[in-house]
Protein chains: 2
Amino acid sequence: MDQDRSRLNLEEPRRVTIREVARAAGVSVSTASKALNEQGRMSPETRDRVRQIARDVGFRPNAVARALVGKRSFTLGLITNDTYGRFTLPVAAGLASAMASKGVSVFLCAVDDDPARVRLSIEAMEDKRVDGLVIAGKRIDRAPPLENRRPAMPVVYANAATPPEGVGFVPDDKRGGALAARHLLSLGRRRLAHISGPEDFAAVALRAAGWCQVLRDAGLEPYGKSLHGSWSEAFGYETGLFLRERLGTERYPDAVFCGNDQIARGLIDALQVRQIRVPEDIAVVGYDNWDIFARATRPPLTTIDMALTRLGECAGLTLLDMIAGKAVEPGLRKLPCHLVMRQSCGGEQIGDAT
Amino acid sequence: MDQDRSRLNLEEPRRVTIREVARAAGVSVSTASKALNEQGRMSPETRDRVRQIARDVGFRPNAVARALVGKRSFTLGLITNDTYGRFTLPVAAGLASAMASKGVSVFLCAVDDDPARVRLSIEAMEDKRVDGLVIAGKRIDRAPPLENRRPAMPVVYANAATPPEGVGFVPDDKRGGALAARHLLSLGRRRLAHISGPEDFAAVALRAAGWCQVLRDAGLEPYGKSLHGSWSEAFGYETGLFLRERLGTERYPDAVFCGNDQIARGLIDALQVRQIRVPEDIAVVGYDNWDIFARATRPPLTTIDMALTRLGECAGLTLLDMIAGKAVEPGLRKLPCHLVMRQSCGGEQIGDAT
DNA sequence: CTGAAAGCGCTTACAG
DNA sequence: CTGAAAGCGCTTACAG
């Protein structure tokens, strides 16, 4: 056993405790604690001496002990049903990195959509006394199945359905749709078609609503039927092969706004087969700014970015406020999207904003 | 403040402690503890009574207190520099879910490649007394910059460079290359070309080595030069447009093994432009089994799956062994890859293994 | 078989 | 200004 440990360099380092710091400084443990935490009044000399010695011996307070006495663990849980990761990944990255700079660590709980795993995760987070929970999803009208469990700590929702009295953050999809419309109008396009994902997604309706409203404000109607299918290249491709037939229009549209980048890519590939030029004949705007797609499309895709990393940051910072007892209004926060220009719309290329 | 709490349903639930369970059961705290943990000898009656009462009042032991006294936090850290997420995401999912079923939670630390953030993360993990650390990367010949810090707890590397005395898990890329070669040979292909990523990636050399060895054992030489470029569709596409020229061959190959799915997809798109049929004229094998690419390629891609989710699981389970003090041999474990058949090679379609 | 005591490493009133 | 005491919620020897 000792052999094994040494073979793997596992010798437990006997970590230095505050007691040893206190003794080395010739003060009591409580004085050492106060010096280290800048609490209460004390002579600058002893405070500095304690801190210097702590630094010298490499003292680092045991966060577990601190959590036990302080009722704060400086720890958060992230519960997500998006194991596929398209959405949670940027959210998690933004959250973890914003929290790291506040000294807060984040537990990752991947739960699929299994209520039993959700329950287990929440219990684990409760047992470990996390200060708060971020509940993240892959669509804004669903959430991991919490059933009726109300977690014993503050909760913030991120890119997921938020209950009436909860606090949640989602991308402003309506504004995203409006951005796409305004951009295409500004380029002089007038026959504006829309192809999107399944109708039962709230995001689909919101993006379409923002899109339509801008068109109507400009005195236009959406060009042709609005088309719905899976969030896949296959749907975009198959639609692109028979675009006029599907839209029920005589002419081709001169612009298409697609509900995500995959649909946009499939569409563009099919238009190429049909010898239709993008952006000359048809301008295309995608949605998601999923790099790996948007950049690889020929031509590279102009698309809407939902700023999910920022969403993760905001969710975390708000959760920290709630944990600190600050007043936080319940409700849904819609975070701004932005347009990333590449080459699928022509027009001025202001460069790649990513 | 009380208003705020109630508005947000933040009333701190006064969680029940073991002391209350003990009192309700009419025993001492130590007896209650032993009953709950099945430690020591005691009469079945009191044990059952205590446990029943604990269940009734919904007692859940405070994991923080347990960690403090037990020197085990049932907590792991995952440190990754793959914020892009292609590799870490499946690794993290496999790790977190395998650990969850053991009652172990995983902290997510995204560090980019910034040494300062690595140091901060490791210190945070040490302070929080995690039992062990998984260090994950995006390529097998690099790792997050630990500098000379040796973490104060057991470490396992996952899909990252592993130091001589460390324990690491990587996909068996050499065998992956061999699998691709054997598959194409079995389909009767004989002019076998290879296109891969940048030469300085160890994975590139390993895949090529496995590939070449199988060819040589079959009395063949790789067909044409082996080509290297970025891990992108663009490289695959541009190579596909001028395939013979790039390979330096007179005829087209009848099969191409690509270093990743993106290159394969770019290649296939270009071959379509050139009116070359896949798989009839050229069979194509990718690498990664990145769903979103492999399925969307026309035709869907036969490719090598690195089983990264399983890699995350294995890394976690081994780390648990090390934490438990079991003997674990240092060294690199190469985990098997497997071939996923779709339609880019023809041959028997045994179905989609994903 | 059961309980009193000590202790994990820290912080926080409270005396001096 | 400094320290002794109590306590966070548990577990673990050790007596009885």
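Quick caveat: nothing in here was measured; it's all calculated off a predicted structure. We name chains A, B, ... by the order of the sequence lines, and we start the count at 1 in each one.
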Exercise. If each of B/Arg129 and B/Val27 is mapped to the nucleotide of DNA chain C with the nearest heavy atom, which maps nearer the 5' terminus, i.e. the 5' end?
Worked result: B/Val27
Problem set entry | Secondary-structure notation, DNA chain C, from Watson-Crick and G-U pairs under 3.5 angstrom (| other strand) | |||.||||||||.|||
Seminar exercise, completed: Taken to the nearest whole Å, CZ/A/Arg23 to P/D/dG3 is 15 Å
Exercise. What is the distance, rounded to the nearest whole Å, between atom CG of A/Asp127 and atom P of D/dG9?
Worked result: 14 Å
Contacts under 3.5 angstrom, residues 62-71 of chain A side chains, donor-acceptor by atom type, not counting sequence neighbours:
unit_1, atom_1, unit_2, atom_2, d
A/Asn62, OD1, A/Val64, N, 2.7
A/Asn62, OD1, A/Ala65, N, 3.2
A/Arg66, NH2, A/Asn37, OD1, 2.7

Problem set entry | Residues forming a side-chain contact (heavy atoms from CB on, under 4.5 Å) with B/Glu123, sequence neighbours excluded | A/Arg60, B/Arg119, B/Leu120, B/Glu126, B/Arg149
For this session: Output all residues satisfying side-chain contact (heavy atoms from CB on, under 4.5 Å) with A/Thr31, sequence neighbours left out; order by chain, then residue number.
Result: A/Val27, A/Ser28, A/Met42
Problem set entry | Integer-rounded Å distance: C/dC1 P and B/Glu45 CD | 10 Å
Exercise. Just how far, in rounded Å, is C1' of C/dG7 from CZ of A/Arg19?
Worked result: 9 Å
Exercise. Under 4.0 angstrom, heavy atoms only, what part of the nucleic acid is A/Ser43 near: base, sugar-phosphate, or nothing?
Worked result: sugar-phosphate
Exercise. Partners of A/Phe107 by ring pair (Phe, Tyr, Trp, His ring centres under 6.0 Å), sequence neighbours excluded?
Worked result: B/Phe107
For this session: Residues of residues 48-71 of chain A with any non-hydrogen atom less than 4.0 angstrom from an atom of DNA chain D: list those, numerically ordered, please.
Result: A/Leu68, A/Val69, A/Lys71
Seminar exercise, completed: Residue pairs passing the side-chain hydrogen bond (donor to acceptor under 3.5 Å, both in side chains) test with at least one member in residues 310-324 of chain B, sequence neighbours excluded, are B/Asp321-B/Lys326
For this session: Would you mind reading off the distance between B/Asn37 atom CG and C/dT2 atom P, rounded to a whole angstrom?
Result: 16 Å
Exercise. Counting just side-chain N and O atoms, does B/Thr17 come under 4.0 Å of either OP1 or OP2 of D/dC8?
Worked result: no
Exercise. Just checking A/Thr31: base, sugar-phosphate only, or nothing, at a heavy-atom cut-off of under 4.0 Å?
Worked result: base
Exercise. Closer to the 5' end of DNA chain D via nearest nucleotide, is it B/Ile18 or A/Ser28?
Worked result: A/Ser28
Exercise. Do you see a donor-acceptor pair shorter than 3.5 Å between the side chains of B/Arg49 and B/Gln52?
Worked result: no
Problem set entry | Rounded distance in Å - CZ (A/Arg15) to P (C/dC8) | 15 Å
Problem set entry | Set of side-chain contact (heavy atoms from CB on, under 4.5 Å) partners for B/Arg72, sequence neighbours left out | B/Phe74, B/Asp131, B/Ile323
Problem set entry | Length of the line joining A/Arg72:CZ and D/dC8:C1', which is rounded to integer Å | 16 Å
For this session: Please identify each residue that fulfils side-chain contact (heavy atoms from CB on, under 4.5 Å) with B/Asp82, with sequence neighbours left out.
Result: B/Thr80, B/Tyr84, B/Phe87, B/Thr88, B/Lys138
For this session: Answer whether the closest heavy-atom distance between the side chains of A/Ile18 and A/Leu36 falls below 4.5 Å.
Result: yes
Problem set entry | Whole angstrom value for the distance that separates P of C/dC1 from CZ of B/Arg47 | 10 Å
Seminar exercise, completed: Across all chains, not counting sequence neighbours, the salt bridge (Lys or Arg N to Asp or Glu O under 4.0 Å) partners of B/Lys128 are none
For this session: Please list, chain by chain and in numerical order, all residues satisfying salt bridge (Lys or Arg N to Asp or Glu O under 4.0 Å) with A/Arg51, sequence neighbours excluded.
Result: A/Glu38
For this session: Look up atom CD1 in A/Ile135 and atom CG in A/Leu146, then write down how far apart they are to the nearest 0.5 Å.
Result: 4.0 Å
Pull out every protein N or O sitting under 3.5 Å from an N or O of nucleotides 13-16 of chain D, one pair per line with the distance.
none

